[in-house]
Undergrad: 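Supplied in structure tokens, the structure appears directly below.
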Number of protein chains: 2
Amino acid sequence: MAEIIKTDIYPSMVVSDEKNKVKAIEQITIGKQLKEIRTKSKLTLEEASKLTGLARSTLSKIENEQISPTFAVMQKLAAGLSIELPQLFTKPNAMQATGRRDVTRTGQGMEHLTSTYEHELLATQLSNKKMMPYKSRVHARSFDDFGEWVRHQGEEFMLVLEGEIQLLTEFYEPVNLTQGDNVYYDATMGHLVVSVSEEDALILWVTTD
Amino acid sequence: MAEIIKTDIYPSMVVSDEKNKVKAIEQITIGKQLKEIRTKSKLTLEEASKLTGLARSTLSKIENEQISPTFAVMQKLAAGLSIELPQLFTKPNAMQATGRRDVTRTGQGMEHLTSTYEHELLATQLSNKKMMPYKSRVHARSFDDFGEWVRHQGEEFMLVLEGEIQLLTEFYEPVNLTQGDNVYYDATMGHLVVSVSEEDALILWVTTD
DNA sequence: CCTAAAAGTTTCCAATAGGAAACTTTTGTT
DNA sequence: AACAAAAGTTTCCTATTGGAAACTTTTAGG
């Protein structure tokens, strides 16, 4: 029974059999992508050839998906055309928005409750964003309310909107932050936030993956 | 005269001659990277072979940099090992931080003044971040204070901290936003912010590249 | 230690990528 | 429309990749 796996950000359709052995991969973009980059830069195959050190024929075959370039060739392409390597196989507009702008009024975000935080997700109308913004009301008062470190991929920016919080992190001493204070950290490091004010504190979080 | 070019995020050492023709590329990571991913996942070559559908020998040769895998093979690796493709050639920690956490107290950011905005850059101790956070005091009162649209790569998140602003964008009607309101938009679309309150408004911006 | 099994590497060969040149298509000029 | 020049594609060949199996190294028991 063949199964289709689709990855999130760098999509590639993969067909696997019942033993989870990859049988075929539907090559999606690299040829079209390269052609688009080259034509948008107003380059001919000849010029691209000079810039990359690759043969005109090779470029043509890659663009027409007749061959799968080696990593070494991909590096030459990226360097020669002055682009980042992932551009060769990533759809340029990651943000596939319903619109291209999304306003969230105070209190109008999407609620997401946990025992320790009350999250209000922002800009939820836009998918495939590079950042995930949300406001959180902090219920927690101590590490024990969590039981263990929070830890995930990406980087995180946090700004205190109301009240006073304490940021606990795996490799640092705790810090107290009040309204207007903010912090940027690597989210793979254990971290969590507790309120030290009478009322629950309110913070803004912006996260990447 | 050979020249060394070093790209920023996806480093690759490229040796070019005086005609800008790429002569050689110093392969950096793909082998080591794969080996690290596999060993960290506690997989043997045999197991990785089953997952990816690639021969044990092929995996070994890639890990020892004896061959340069084709893009098709790289896709199989990513799919089989459940990773995103760029992980194969990107140093995992893009954020090369002085530390791995950076607190900015209210008013302690780095000043950057323009005629229309007064920016306070945050978390400036960390380099190579994925996000650029800053607070801005908005002096501008109309489009004419700018003369033209602001427009740049990436996505932008904006939250109003104090006062009331109007967000002007190329493809939408202006919107007024007050404290707590926020917006997420594609920064390649022309955009700018003016204050509509008596005093200058204060906003938070978080930007990606 | 010695041996057996597992993990990793190398060899050999078939399949395919990449380069040079021939060929075809497109573009632009008269 | 005819022609020339430029751009793009295909062919042919060599170099290199990827797979199967042989070989070597490492790990675990006794």
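In the text below, chain A, chain B and the rest are named by the order of the sequence lines, each starting its count at 1.
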Undergrad: Side chain of B:Ser68 only, please: which of C:dT9, C:dG19, D:dT17 is the nearest?
TA: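 The nucleotide sitting nearest to the side chain is D:dT17.
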
Undergrad: Answer yes or no: is there an ion pair linking B:Glu170 with B:Arg151, defined by an N-O contact shorter than 4.0 Å?
TA: yes

Undergrad: Quick one: is the NZ or CZ of A:Arg101 closer than 6.0 Å to the six-membered ring centre of B:Tyr185, and within 45° of its axis?
TA: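 Judged by the rule, A:Arg101 and B:Tyr185 form no cation-pi pair.
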
Undergrad: In terms of the nearest nucleotide of DNA chain D, which residue is placed more toward the 5' end: B:Arg56 or B:Ile62?
TA: B:Ile62

Undergrad: Between atom CG in B:Leu54 and atom P in D:dA20, what is the gap in whole Å?
TA: 11 Å

Undergrad: Can you find a donor-acceptor N/O pair under 3.5 angstrom joining the side chain of B:Lys61 to the base of D:dG19?
TA: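 When only heavy-atom distances are counted, B:Lys61 does reach the base of D:dG19 through a donor-acceptor pair under 3.5 Å.
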
Undergrad: Checking contacts here: which listed nucleotide (D:dT17, D:dA7, C:dT9) is nearest the side-chain heavy atoms of B:Leu45?
TA: C:dT9

Undergrad: NZ of A:Lys50 versus P of D:dA6: gap in Å, rounded?
TA: 12 Å

Undergrad: Measuring to OP1 and OP2 of D:dT9, would you say a side-chain N or O of A:Asn64 lies under 4.0 angstrom away?
TA: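 Checking D:dT9 against A:Asn64, a side-chain N or O does come within under 4.0 Å of OP1 or OP2.
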
Undergrad: What's the CD-P distance between B:Glu46 and D:dG19, to the nearest Å?
TA: 13 Å

Undergrad: Reckon A:Ser57 touches a base, only the sugar-phosphate, or nothing at all at heavy-atom distances under 4.0 Å?
TA: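 Base, at least one base atom sits under 4.0 Å.
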
Undergrad: Examine the side chains of A:Glu156 and A:Thr207 and answer whether a donor and an acceptor come within less than 3.5 Å of each other.
TA: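 Yes - a donor-acceptor pair under 3.5 Å links their side chains.
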
Undergrad: Do the rings of A:Phe89 and B:Phe89 sit parallel, tilted or perpendicular, given the 30° and 60° boundaries?
TA: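 Perpendicular, since the angle between the ring planes exceeds 60°.
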
Undergrad: Taking OP1 and OP2 of D:dG18, is either one under 4.0 Å from a side-chain nitrogen or oxygen of B:Thr58?
TA: no

Undergrad: Can you tell which of C:dT9, D:dG18, D:dG8 lies closest to the side chain of B:Lys35?
TA: C:dT9

Undergrad: Before accepting this row, confirm whether a basic side-chain N of the pair A:Glu120/A:Arg137 lies closer than 4.0 Å to the acidic partner's carboxylate O.
TA: no

Undergrad: Calculate the interatomic distance between A:Lys76 atom NZ and D:dT16 atom C1'; express it in whole Å.
TA: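 Going from A:Lys76 (NZ) to D:dT16 (C1'), I get 13 Å.
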
Undergrad: Check whether any side-chain N or O of B:Gln66 sits under 4.0 Å from OP1 or OP2 of C:dT9, and answer yes or no.
TA: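 For C:dT9, neither OP1 nor OP2 has a side-chain N or O of B:Gln66 closer than 4.0 Å.
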
Undergrad: Hey, does the side chain of B:Thr70 come within less than 4.0 Å of D:dG18's phosphate (OP1/OP2), counting only N and O?
TA: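 Yes, B:Thr70 has a side-chain N/O under 4.0 Å of OP1/OP2 on D:dG18.
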
Undergrad: Rounded to the Å, how far apart are A:Glu65 CD and C:dA17 C1'?
TA: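 These atoms are roughly 15 Å apart.
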
Undergrad: Round to the nearest Å and state the distance from B:Glu63 atom CD to D:dT17 atom P.
TA: 16 Å

Undergrad: Does a side-chain N or O of B:Arg38 approach OP1 or OP2 of C:dA7 to a distance below 4.0 Å, or not?
TA: no

Undergrad: To the nearest Å, how far apart are A:Ile67 CD1 and C:dA15 C1'?
TA: 14 Å

